[in-house]
Amino acid sequence: MLAEADKTARVTRGDADAKAAAIYSSAYSKDPEFFSFLRSLSAYKTSFSDKSDILVLDPKSEFFRYMNDMNGAPIK
């Protein structure tokens with residue numbers, strides 16, 4: 001019974017992961033720049049999650065692309 005439940009859970013998770021990937025792919029293809037912006041926001045949130053976090057990066061690096069220009073224009 002447990003093995004069958006585990007199998008069902010794994011299949012359900014796999015199906016959900018496949019559907020999520022399809023949704024992300026569809027969204028990305030409609031507006032790649034917006035998707036890039038969202039990924040950057042997620043990276044900022046993860047990178048600055050603790051007040052004691054320190055990053056030593058060039059402010060002109062790709063990581064800060066959207067912090068330096070709201071349109072995400074490459075930094076010269």
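Remember, predicted model here, so these are calculated numbers, not experimental data. Numbers here are sequence positions counted from 1. We use all heavy atoms of the structure for the numbers below, so side chains are in, but hydrogens, waters and symmetry mates are not.
Under the 4.5 angstrom side-chain criterion for Ile, Leu, Val, Met, Phe, Trp and Tyr, the cluster partners of Val56 are Ile54.
Looking at residues two or more places apart in sequence or on another chain, you find a side-chain contact (heavy atoms from CB on, under 4.5 Å) between Leu57 and Leu55, Ser61, Phe63, Phe64. Remark: Asp6 engages Arg10 in a side-chain hydrogen bond (donor to acceptor under 3.5 Å, both in side chains) (not counting sequence neighbours). Partners of Ser25 under the side-chain hydrogen bond (donor to acceptor under 3.5 Å, both in side chains) rule, at least two apart in sequence or in another chain, do not exist in this structure.
Taken to the nearest 0.5 Å, the CG atom of Leu2 stands 15.0 Å off from the NZ atom of Lys7. Atom CG in Leu38 sits 10.5 Å away from atom CD in Glu33 (nearest 0.5 Å).
Pairs of residues two or more places apart, or lying in two chains, that qualify as ring-ring contact (aromatic ring centres under 6.0 Å, His included) and include a residue from residues 8-33 are Tyr28-Phe35. The stretch residues 34-45 participates, sequence neighbours left out, in these side-chain hydrogen bond (donor to acceptor under 3.5 Å, both in side chains) pairs: Ser36-Tyr66.
Using a distance-only test at 3.5 Å, with no hydrogens or angles considered, a donor-acceptor pair links the side chain of Ser29 to the main chain of Ser26.
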